[in-house]
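Residue numbers begin at 1 in each chain, while the letters A, B, ... track the order of the sequences.
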Amino acid sequence: MKIRVRFAPSPTGHLHIGGLRTALFNYLFAKKEKGAFILRIEDTDEERSTQESVNAIYDGMIWAGLNWDEGPMPDGSIKGDYAPYYQAARSDAGIYQKYIDQLLAEGKAYKCYCTPKELEDMRAQAIAEKRPPRYDGRCSRLTLEQQKELEAQGRRPVIRFKMPKEGETVFNDLIRGEVRFANKDLYDLVIQKTGGYPTYNFAAVIDDHLMEMSHIIRGDDHISNTPMQIRIYEALGWKHPIMAHLSMIHGPDGTKLSKRHGDTSVIEYKKQGYLPQALINYLALLGWSTPDSQQIFAPGELEEKFDIRGCQKSPAVFDPVKLLWMNGDYMRRMTIDELYAAAKPFIDETGVAQGVDEEYLKKIILLEQEKYKTLKEIPELISFFFTDKVVFDEAAIEKVFKAETASLALKSVIAKYEALADFTEFPIEAATKEAAKENGLKNGQVFHPVRVAVSGRTNGPTLFKMLEYMGKDMVLKRLEAALELCSK
RNA sequence: GUCUCGUUCGUCUAGCGGUUUAGGACGCCGCCCUCUCAAGGCGGAGAUCACGGGUUCAAAUCCCGUACGAGACGCCA
């Protein structure tokens, strides 16, 4: 059997973390099984679907590196032999209508004339009477005359699928094993809306079959749809794909991850300076693991090691702190060229290093590589190299410059540095230590004021390299200026 | 309310009947390294495996209940 899986988002907003994870598991499964990963756009919600959202989904997927083998492409072209990949276009092509007509003709579906208001009242009443709020199938008993009468009144019907009411529907879920539903708990769901578009439960079945999906990997919020979809497959005489329901991602409060939890758009993570590889690695580990609990995966390793049997049945809480750690870990593993390329847009955005020589900027970035957790914090950490004046941290002044010996330390260091012909790391270090020794100061009593004087803060890169990169002129200027801030 | 699914350190997880004093990771704490901050190294605290019954010589692991949690119940997907 050819392995074919899909990610089928509805374009009603940005691609979010939950959606990305579903896409990722499908992608990894396809890669691992040497199958095809298909993108299908489920835009049958006429009110909410937008092309803008489709573009946002493309952006998110491409940034995350989840390239699809089939589907619509951002440049407007189409890849794959099962086009169209937009459901609205498929609907316009009459693809769904054909099967609607077939089910109608076979008596497996019927017209329902209930208005949204009537349905809402029915639900409200059912809840009040503590009954399940489901459609009771009343329109299935309408005679032809009654239907004509309602149409004469100007009512437009929806089409509902006639669910079996007895027996049970059982399917074998790849992740959960056997799942059984009593058919009495199913209900006659709408398969075609008044406007002529199919509903999700119907369109997904038709397309998954027509596009020859071998497996359906989706969130377990779809589990209760599954028996009804299976009944539609059967009514059409089709075999259903293998089902696999992923556990949900939860927020810290234990409910399904939503916007207020940080289920923010994938692009927002990009803006916040996360690396796509790190986000993907983190997401892969939410609800999935290898037998040895491996944490960090080299490029291509996830694709190789993914095994759907490692999927967790229970939901996972999204932990931004671990994501942050992982992002930092990925940043530490980057070569300077990689890091520079990734950081450049963030640096340019702030304008802190405008016109700075590339090789020089790389050296500066490298100085604090082990400190970065996101790309976004790089400009702030390196900006003191490029500003005219040092921006001092108040606490640093208080702690370091107010020391009795600060002024003495700076003065002696200035004298030493002025005399230095070779202003590079090791001579600077020797000169600084000499200054300390000659004045009976501990190294720290000199190092710390110098550090604050040139950088404005107490925590920064290794001192002497920093001074070397900064250059003699700037260092001396800053040391002089700092003298003003010291208590005598 | 009904149905479905789930339940191992705070969090992500390993574990698929004996090798378990329940392993790893994040976070937390301590020590080392050290010019600061990080990073790194080492160590520590942290889980009566939700609870109660069974099955078995033996259960975190199998079965049944209970509790709790989540999801679904749309002319949304």
Side-chain angles (χ1 to χ4, degrees), chain A residues 8-12 42-49 87 112 114-116 119-120 123 126-135 156-160 173 176 179-182 184-187 189-195 197-201 203-204 218-227 245 247-248 250 252 254-256 282 285-296 310 312-319 321-326 328-329 332 368-373 381 396 400 429 432-433 442-444 446-448 450-452 455 457-464 466:
Chain A
S10 62
T12 53
E42 307 215 325
D43 55 346
T44 54
D45 183 342
E46 290 178 275
E47 259 118 69
R48 298 193 301 148
S49 297
Q87 287 187 328
C112 167
C114 296
T115 63
L119 292 170
E120 206 177 296
R123 270 193 288 272
I127 288 168
E129 290 169 15
K130 307 205 167 185
R131 291 195 332 262
R134 288 195 212 102
Y135 184 66
R156 311 257 53 229
V158 299
I159 309 300
R160 302 189 95 111
D173 191 285
R176 281 147 214 284
V179 181
R180 341 176 60 99
F181 284 82
K184 69 175 170 50
D185 295 317
L186 272 26
Y187 66 99
L189 44 75
V190 173
I191 54 178
Q192 186 178 59
K193 309 175 203 177
T194 320
Y197 271 175
T199 59
Y200 158 73
N201 277 302
R218 75 228 301 194
D220 77 8
D221 48 345
H222 286 292
I223 254 189
S224 44
N225 289 142
T226 305
H245 287 92
S247 59
M248 302 269 82
H250 282 182
T255 62
K256 189 172 154 184
Y282 176 72
L285 254 26
L286 267 190
W288 176 79
S289 61
T290 57
D292 62 348
S293 266
Q294 182 176 345
Q295 298 293 310
I296 303 291
Q312 198 77 11
K313 295 188 190 81
S314 49
V317 175
F318 185 84
D319 180 8
V321 178
K322 184 162 182 180
L323 203 211
L324 200 60
W325 163 78
M326 197 170 272
D329 193 83
R332 266 171 254 130
E368 297 187 82
Q369 182 172 19
E370 64 285 348
K371 212 170 294 175
Y372 307 136
K373 294 240 188 291
L381 284 167
V400 178
E429 180 170 0
T432 311
K433 284 180 173 166
K442 286 192 242 170
N443 284 343
V446 179
F447 294 2
H448 298 321
V450 172
R451 173 187 304 288
V452 175
S455 71
R457 46 186 174 102
T458 55
N459 54 349
T462 178
L463 185 59
F464 308 108
M466 167 166 74

Mind checking [X] for me? I need base, sugar-phosphate or nothing, with any heavy atom below 4.0 Å counting as a touch.
| X | value |
| --- | --- |
| A:Lys442 | nothing |
| A:Thr255 | sugar-phosphate |
| A:Ser10 | sugar-phosphate |
| A:Cys114 | base |
| A:Gln295 | base |
| A:Asp292 | nothing |
| A:Pro133 | base |
| A:His245 | nothing |
| A:Pro461 | base |
| A:Asn443 | nothing |
| A:Arg218 | nothing |
| A:Pro291 | sugar-phosphate |
| A:Gly287 | sugar-phosphate |
| A:Gly460 | base |

Who does [N] pair with, Watson-Crick or G-U, both distances under 3.5 Å?
| N | value |
| --- | --- |
| B:C3 | B:G71 |
| B:U61 | none |
| B:U56 | none |
| B:A25 | B:U11 |
| B:C31 | B:G41 |
| B:G17 | none |
| B:U48 | none |

What about [X], does its side chain sit under 3.5 Å from the base of [N] through a donor-acceptor pair?
| X | N | result |
| --- | --- | --- |
| A:Thr458 | B:C37 | no |
| A:Arg451 | B:C35 | yes |
| A:Ser293 | B:G23 | yes |
| A:Lys313 | B:C5 | no |

[atom1] gap between [N] and [M], integer Å:
| N | M | atom1 | value |
| --- | --- | --- | --- |
| B:C49 | B:A59 | C1' | 11 Å |
| B:C62 | B:G17 | C1' | 8 Å |
| B:A45 | B:G10 | P | 15 Å |
| B:A14 | B:U56 | C1' | 25 Å |
| B:A25 | B:C51 | C1' | 29 Å |
| B:C5 | B:C9 | P | 23 Å |
| B:U2 | B:G44 | C1' | 49 Å |
| B:G54 | B:A47 | C1' | 25 Å |

[X], nearest nucleotide to its side chain (from [options]):
| X | options | result |
| --- | --- | --- |
| A:Glu42 | B:A25, B:C12, B:A77 | B:A77 |
| A:Tyr200 | B:A70, B:A77, B:A25 | B:A77 |
| A:Ser314 | B:C73, B:U7, B:U4 | B:U7 |
| A:Asp185 | B:U2, B:A39, B:G15 | B:U2 |
| A:Lys322 | B:C35, B:C26, B:A72 | B:C26 |
| A:Glu370 | B:A38, B:G27, B:C35 | B:A38 |
| A:Pro132 | B:G27, B:C35, B:U2 | B:U2 |

Are the side chains of [Y] and [X] in contact, using a 4.5 Å heavy-atom criterion?
| X | Y | result |
| --- | --- | --- |
| A:Lys433 | A:Phe447 | yes |
| A:Thr458 | A:Val452 | yes |
| A:Thr44 | A:Lys193 | yes |
| A:Ser314 | A:Ser247 | no |
| A:Tyr282 | A:Trp325 | no |

[N], OP1 or OP2 - any side-chain N/O from [X] closer than 4.0 Å?
| X | N | value |
| --- | --- | --- |
| A:Arg123 | B:G74 | yes |
| A:Arg332 | B:A38 | no |
| A:Lys193 | B:C76 | yes |
| A:Arg134 | B:G1 | no |
| A:Gln312 | B:A14 | yes |
| A:Lys256 | B:A72 | yes |
| A:Lys373 | B:A39 | yes |

With a 4.0 Å cut-off, would you call [X] and [Y] a salt bridge?
| X | Y | value |
| --- | --- | --- |
| A:Glu120 | A:Arg123 | no |
| A:Asp220 | A:Arg176 | yes |
| A:Arg457 | A:Glu368 | yes |

Does atom CD of A:Glu129 have more than 12 heavy-atom neighbours from other groups under 6.0 Å away?
->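 Correct, the count exceeds 12.
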Checklist entry - Can A:Arg160 be said to sit on top of A:Tyr135's aromatic six-ring, NZ or CZ under 6.0 Å from centre and within 45° of the ring axis? => result yes
Nearest-nucleotide 5' precedence on RNA chain B, A:Asn459 against A:Ser224
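Its nucleotide being nearer the 5' end, the pick is A:Asn459.
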Both A:His448 and A:Arg48 contact RNA chain B. Taking the nearest nucleotide for each, which residue is further toward the 5' end?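 Comparing both residues, the 5'-ward one is A:His448.
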